[in-house]
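Chain letters run A, B, ... following the sequence lines, proteins first and then strands; every chain starts at 1.
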Amino acid sequence: PHFVVEFPLSKLTVCFNINGEPGHVLRLVSDHKASGVTVNGKLIGAPPPPGSHKHQRTYFSTITVVVDHPKRVYIEVTPKKVILDGRDRIVLPCHSTVTVDSGVLSVSIVAGTNVTVSVGGNISFVILLHQYKNPAPYQRDHLGFYIGQSKGLSHDCHGLLGQFLYEEVGLAQLPVGGEAKPGTVLKVKGRSVPVVQKSRRIYGGAQSVDCWFARNNAAKLIDGQYGDYLRSHMFDTSEW
Amino acid sequence: RVPRQVKTILAKETRPLIQELSIKTTIMSRYAFTAVYCAMLNRRSAASEGVFQLQIPANAYVSNFTMIIGGRVYQSEIRPREKKVKPEDGRAKNKESGDPSAEPEMEVFKMAANIPGRNRAVFMLTYEELLQRRLGRYEHVTSLRPLQLVSRLTLDVTIIDHSAITGLEVLLLRNSRGGGAGTSRTSGRPQLPVTTEIKKEKNMCRITFSPNIVQQARIATNGLLGDFVIRYDVQRDMGIGDIQVLNGHFVHYFAPKDLPAVPKNVVFVIDTSASMLGKKIRQTKEALFTILGDLRPGDHFNFISFSNRVKVWQPGRLVPVTPNNVRDAKKFIFMLPTSGGTNINSAIQTGSSLLQDYLSAQDASPNSVSLIIFLTDGQPTVGEVQSVTILGNTRSAVQGKFCIFTIGIGNDVDYRLLERMALDNCGMMRRIPEEADASSMLKGFYDEIGTPLLSDIRINYTKDSVQYVTQHLFTNYFNGSEIVIAGKLTNQSAESLHVQVTASNSDKSIILETDVPLQHREVETENRVKAARAVMAAGARPPGSALAKEFGVVLGSILEDFVERLWGFLSVKEGLRSRLRSQTSREREDHIQQATNLSLTYNFLTPLTNMVVEKPSVLADGTTAPPTNEAISTGNEVLSEPVDPAGPGGRPPTLSNTVGGDEKRPVKKSVTISKTSADGD
């Protein structure tokens, strides 16, 4: 999947890819102790399009949101259905529009379009449903994960997306010297990450965003390495 | 060829598509409930504006409007309308009167809402009206103008009545309106309503019109199908009429038949100012020629033409209807010139003194009915031009001895003046639109009032058994019309209600009396409601969505209170009329308060109330933003004005399909998606 991180304070948008392997579970957001929210995403693979020399594609096939407060609720979203596991288990098809509201937690499905998970009024995630009517072999029904509102997430929030919520970044030009090519670096958390300008399509292709792209599975951009974000199962809530 | 055209039209359509439009009407003893269900689909990925637009009869009151967009329910709320500064020209919307005859035939209800990309929106509307009997029939009109071709279009009208239904007519689809004067003539090319099913029994009939998309395209590719018109009457007798009782309320329909006509003394006061030149005067003359032929032997008549000056055809008298008089009158009408301004005050004064003199000279039959038929196409421009003074002068001249019926042609008329003049003097006002066939409308209006059957009608019910009875004293009862009275029963367990009708006929006074067995009548009415509900349940047509059917069920539940709602409807109309007639501001305020309270009780969108609808806003990315409110008022067109969403008494939207939550809990602020995301490869 490709990741886009918006830094509103710095007025910058950064993007990166995490290729991963089918079956990997990636930690996207982790704020287990403070707000009690954890988000994981599971990857599936698909062959590259014919004629392309790229390696296989990966998509999110399942996204889980675990909410701990006031009581533990597991929300599992796939392109076909949403499963809410709390005191009762509710399975909702994605092809119909429905809102499930239980006070603090609200799950709203807009038929075949998106699923919005809202926690406590100041945390919300929007999961886009990408469904193909006649998919090519390299296309798989998959999900897109977007942060709607993050005010309720704490400064200790982590995960591939969560770690950037309260960060500020800056851009700098690499000095030109010897054979080295001139380039741009992103200053984040005291680290310098080489970036190039790219464009990414978001919201299911509805919009295009210009961003600074960090290569190599976001090496140096993210804390640790991408492997550190792999979790053993979908409902893992262990801290960073 | 047409199916191919349809395919192309649908492919090119950029607006959200109306997938389903279902209009269900149940007419329960002349009280018509209509539920409209409209489902729209936004096929595009970006948000798009869906417009729900419907023409509803001007006589009807909207009683509910609901939208479901993006899974959320946006419920309307009726609130009292805030006082506004009167426009300087003093003109008011005609609906202010509450007099249905004064209103244009149709009003437009319009609501636009943003529909998120690849999403559906559902609009649901209910409105209610009391069908009026004119020229011996009830007419129900449904506007079928969805403005695009609709995949599933269904119109379903069920008529249920205590009396046997007679003379049912389903007319050709009417493309444009000839006017509401009860005339049957229409302009525009009528279209055959294809696929119309009519099922008729003695007390019930059901009409279903469901053209498929190709059949719609054959009528009009732009979705302007026309008006679906149903006319019918019910069997009636000479007695006190039909009384129906339900849940502590009663309604009394009085329209006796086989009565001899009462002779009338009529003065026609015709505007011949310069603006009448051309089509207006030509059509007026045509109508008057026909009307002259329809005068009865016992009638007396005269003509007054007015512009700057007033001219009386036969000064100082009313002449009997004889072949010679009719011939001379035709000659006078034929020779009428048009020039000058409009001296309404003098014309009315002259007409009034003519009638007063005739009545006081003891030439007139003691039980005859006297009336002035006044026609103009403009505002007063010569002589007295102040409306208040003209109205005062008219009241003084008439002294309650006769009635004034007013007709306005075109857009330049001071309809408020004509309306007040008619209301103050036991008459009616009728408007003839600029482009309408004035000849047939004028003739139609005359036909409505041309045959008085009773005068000074007083309807009384057992003292202390009823309260809040609507108007029960009437100056005249005309052939082909109907008097409807409703009220509350103070003692529901009483065995019977004594009803007494007193009136004057051509040569005698009439007293009709009877004891109505209340319990028996209540059971009868309940049975009909049950029958109506059964019909509606059986009529859940396969193409209709579950929600549409559910909406039909809501309609069914409204039926159970139809007598009470009818009483509320009549009381609001009466309150609006009384407000216009009130002489003091205190009296006016009381009528306003009373009518407003009733409108709020029965959730009617009236001239005294606003309908506040919470609307979703959609961001560029297709997500919903915090909702905003919009207020709808009555008028010829919808007046939309944004109101403060956080205003006092603001009602939060309810959630659809809420599971495990409190439905009344306010919805949290909608989310905006940031770019921070992890998405497809």
Checklist entry - Under 3.5 Å, is there a donor-acceptor pair between the B/D679 and A/Y146 side chains? => result yes
Checklist outcome for this item: Turns out that what part of A/L143 lies under 4.5 Å from chain B's heavy atoms comes down to backbone
Item to check | Residue selection (most heavy-atom pairs with chain B, distance under 4.5 Å) from A/H130, A/R200, A/R140, A/R201 | outcome: A/H130
Checklist outcome for this item: Closest non-hydrogen atoms of B/K675 and A/V209, given as atom of the first, atom of the second and distance, are CD-CG2, 3.8 Å
Checklist entry - Per the side-chain contact (heavy atoms from CB on, under 4.5 Å) rule, which among A/V29, A/L161, A/V4 passes with B/T676? => result A/L161
Checklist entry - Counting heavy atoms not belonging to A/K189, are there more than 12 under 6.0 Å from its NZ? => result yes
Checklist entry - Side-chain contact, heavy-atom cut-off 4.5 Å: A/T113 with B/P116? => result no
Next on the checklist: Can you confirm whether more than 12 heavy atoms, excluding those of A/R215, are under 6.0 Å from its CZ atom?
Outcome noted: no
Item to check | Nearest-0.5 Å distance, OG of residue B/S677 to CZ of residue A/F125 | outcome: 13.0 Å
